[in-house]
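Since the structure comes first, as structure tokens, the remarks are kept for the end.
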Amino acid sequence: MLPLRSQSQVGGLQTSLSLVSSDPVLSPDEPRSNSDNIRESPAESASSQETWPTADAPTTKKTENGKAEINCLEQKVIHRVSSADKVTLQDIARESVGTICEKMHRLPEEYLEELKNGLRVILEGGNGSQHREEFFILQKFVQGRTDLTAKTLVRAHRVQLEILVAINTGIQGFLHPSISLSQNSLIEIFGYKRCRNIACQNQLPADDCTCEICNNTSGFCNLCMCVICNKFDFEVNTCRWIGCDLCSHWTHTDCAIRQQLICMGPSSKSGAGPSEMVFRCQACNRTSELLGWVKDVFQHCAPSWDGEALTRELDYVSRIFHGSKDPRGRKLFWKCDDLKEKLKSKKIDSKAACRAILIFFQELEVDSAKGLENGESGRLIAPQDACNRIAEVVQEAIRKMEIVADEKMRMFKKARMALEACDRELADKYREVAELKMERQKRKVQIEELEKIVRLKNAEADMFQLKANEAKREAERLQRIALAKQDKSEEEFTSNYLKQRLNEAEAEKQYLYEKIKLQETSRASQSSNGGDPSQMLMYSKIHDLLYSAPPKPDTQGHPFRTNP
């Protein structure tokens with residue numbers, strides 16, 4: 001019997017349906033079974049749709065023209081990027097890894113985020129057939145390339161690799177800002193070496209399975225995907241998935257019904273004739289009984305279902321046992337239809353319906369036990385038949401024990417691998433912490449050196465400022481001295497000038513005095529001599545001598561500066 005299985009999720013993210021193609025994202029972690037104990041199963045997807053995380057994902061609003069607001073944001077970013085450096089989704093899908101990587105390293109983070117948002121809008125399919133055609137064209141480009149190998153993808157830009165993986169798988173989760181896988185994991189997912197389910201992430205083939213489906217189907221994981229449609233989702237505790245008791249591969253109930261893998265078959269207890277509904281696993285081609293599996297699911301999970309979930313599960317059970325010809329299967333089919341009608345008409349609530357179906361399973365078990373007792377009491381069993389039946393029971397017990405042992409061993413191997421992965425991750429984290437500490441110490445030393453340089457420069461600035469102040473004061477002192485000397489020189493000049501003018505005035509005065517005196521003498525001579533010509537001649541010479549005297553002193557300039 002397989003142990004109870006719980007659902008694993010990444011970062012507590014919720015899920016929603018993705019419209020695009022053949023790829024999964026988050027899912028449960030371990031296989032489930034149709035054995036006699038509880039089976040939690042991932043939910044069937046009627047149209048084989050896969051899911052992806054949507055919590056905290058960026059949203060886009062529609063405008064009146066039907067275009068997403070994100071286009072406006074992209075226009076704003078494009079204005080800041082030169083046309084030669086622009087990169088589109090078509091470029092990433094078609095051009096070489098090295099060329100696009102080099103361009104992306106020159107692009108701002110905002111532009112790269114807008115590229116991812118643009119691909120998210122296409123994967124959401126909000127514009128119907130146009131977005132689907134765009135996606136199929138991108139996927140055709142990517143899947144038709146032969147140069148996208150592990151060696152070339154190692155050199156790819158982080159965002160470039162996320163976009164290539166999202167295009168190849170059709171899963172938006174790889175573009176989600178809260179999900180960050182390592183570059184090696186993304187490369188392995190792109191090359192179908194690791195499960196594309198972000199919550200599973202097992203190496204492929206999972207559990208080293210050697211079956212034909214695991215070895216021949218690219219990217220198939222038997223722990224979380226449907227054998228028929230190769231999709232996965234995140235529903236647990238439900239009848240929408242059917243697991244094989246022997247190989248632990250899983251199949252959507254809808255897929256199994258479409259492929260007619262649910263049909264009448266020989267009972268696992270009697271082994272004679274088509275006596276009950278069984279599920280035939282497409283992976284191992286062996287059968288598992290369905291009535292006991294449905295009973296286990298309802299007994300362990302039905303109390304936690306609400307009315308809508310219970311109605312949905314009853315509908316799946318009705319579809320499983322629709323073609324049943326054995327009495328127990330027909331009774332279960334009628335009972336499920338009756339409870340569905342009562343729930344729809346609100347004649348009973350979900351708790352009453354849950355109690356009714358659980359009581360019905362108990363009655364079926366009692367009736368089955370009574371029928372076996374009555375059948376055996378009416379006839380004697382030969383010793384050989386008794387031994388054969390005992391051997392069959394022992395073989396069945398051994399088979400179930402081997403199944404449980406194999407499952408335990410698988411769980412142990414998986415736990416050991418998980419532990420080793422955690423140890424490696426822890427060692428990596430220790431190395432990262434040590435590197436961060438060293439980097440922090442280096443930064444601290446650099447900061448201290450910079451602080452010293454800043455202090456030195458501040459001291460130099462203070463010193464130069466002090467010298468500048470001293471030079472300013474010296475200049476002011478010299479200016480005052482120059483002004484004082486200028487005032488003194490002007491005073492000396494004025495004094496000298498005034499003295500010179502005084503001397504000139506004295507000389508002119510003496511000249512005028514001599515002239516007047518000469519004139520008076522000449523008149524007296526003329527009057528006394530009666531106008532003698534020789535005296536007149538002498539007077540004329542004296543007059544010429546007087547008037548031929550040197551120029552006046554006031555016509556001479558100052559030796560250092562001009563007269564004002």
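Computed over heavy atoms, backbone and side chain alike; hydrogens, waters and symmetry mates excluded.
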Reported [atom1]-to-[atom2] distance for the pair [X] and [Y], which is rounded to 0.5 angstrom:
X    : Y    : atom1 : atom2 : answer
M438 : E435 : CE    : CD    : 8.0 Å
K86  : L115 : NZ    : CG    : 12.0 Å
H322 : C336 : NE2   : SG    : 13.5 Å
N216 : C211 : CG    : SG    : 8.5 Å
C214 : L223 : SG    : CG    : 8.5 Å
H249 : I228 : NE2   : CD1   : 12.5 Å

Atom [atom1] of [X] with >12 non-hydrogen neighbours under 6.0 angstrom:
X    : atom1 : answer
E420 : CD    : yes
D208 : CG    : no
K340 : NZ    : yes
E109 : CD    : no
R155 : CZ    : no
E212 : CD    : no

Looking only at atom types and distance, does a side-chain atom of [X] sit under 3.5 Å from a main-chain N or O of [Y], one as donor and one as acceptor?
X    : Y    : answer
T311 : K344 : no
H176 : S178 : yes
Q183 : V154 : yes

Would D337 and S318 count as a side-chain hydrogen bond (donor to acceptor under 3.5 Å, both in side chains) here? Give the steps. CA-CA 7 Å; D337 278 353; S318 296; 3.2 Å; yes
Indicate the atoms forming the closest heavy-atom contact of [X] with [Y], along with that distance.
X    : Y    : result
C209 : N215 : O-OD1, 3.5 Å
T251 : C226 : CA-SG, 3.8 Å
W305 : V297 : CH2-CG1, 4.0 Å
V227 : I213 : CG1-CD1, 3.1 Å
L148 : L164 : CD2-CD1, 4.3 Å
A256 : F279 : CB-CE1, 3.9 Å

Going by heavy atoms in the side chains, are [X] and [Y] under 4.5 Å from each other?
X    : Y    : value
R410 : S248 : yes
V165 : L181 : no
C221 : L204 : yes
I163 : F174 : no
I189 : Q201 : yes
Q203 : E188 : yes
N202 : K414 : yes
L314 : L343 : yes

Applying the side chain to side chain contact (heavy atoms under 4.5 Å, CB included) test to I447, which of E451, K444, E449 qualifies? E451
Can E448 and K452 be said to form a salt bridge (Lys or Arg N to Asp or Glu O under 4.0 Å), step by step? CA-CA 6 Å; E448 291 177 354; K452 290 179 181 178; 5.9 Å; no
Check step by step if side-chain contact (heavy atoms from CB on, under 4.5 Å) holds for I262 and I242. CA-CA 10 Å; I262 296 177; I242 301 176; 3.5 Å; yes
F135 six-ring centre to R132 NZ/CZ under 6.0 Å and within 45° of normal: no
Take L186 and E162 through the test side-chain contact (heavy atoms from CB on, under 4.5 Å) and record every step on the way to the result. CA-CA 7 Å; L186 290 172; E162 290 175 351; 3.9 Å; yes
NZ/NE/NH1/NH2 to OD/OE distance under 4.0 Å, [X] and [Y]:
X    : Y    : value
R106 : E102 : yes
R145 : D147 : yes
E124 : R120 : no

Is there a side-chain contact (heavy atoms from CB on, under 4.5 Å) between L246 and S288 once you walk through the steps? CA-CA 8 Å; L246 300 175; S288 303; 5.5 Å; no
Decide side-chain contact (heavy atoms from CB on, under 4.5 Å) for L138 and L119; before the verdict, give the C-alpha distance in whole Å, the side-chain angles of both, and the deciding distance to 0.1 Å. CA-CA 10 Å; L138 292 173; L119 181 56; 4.3 Å; yes
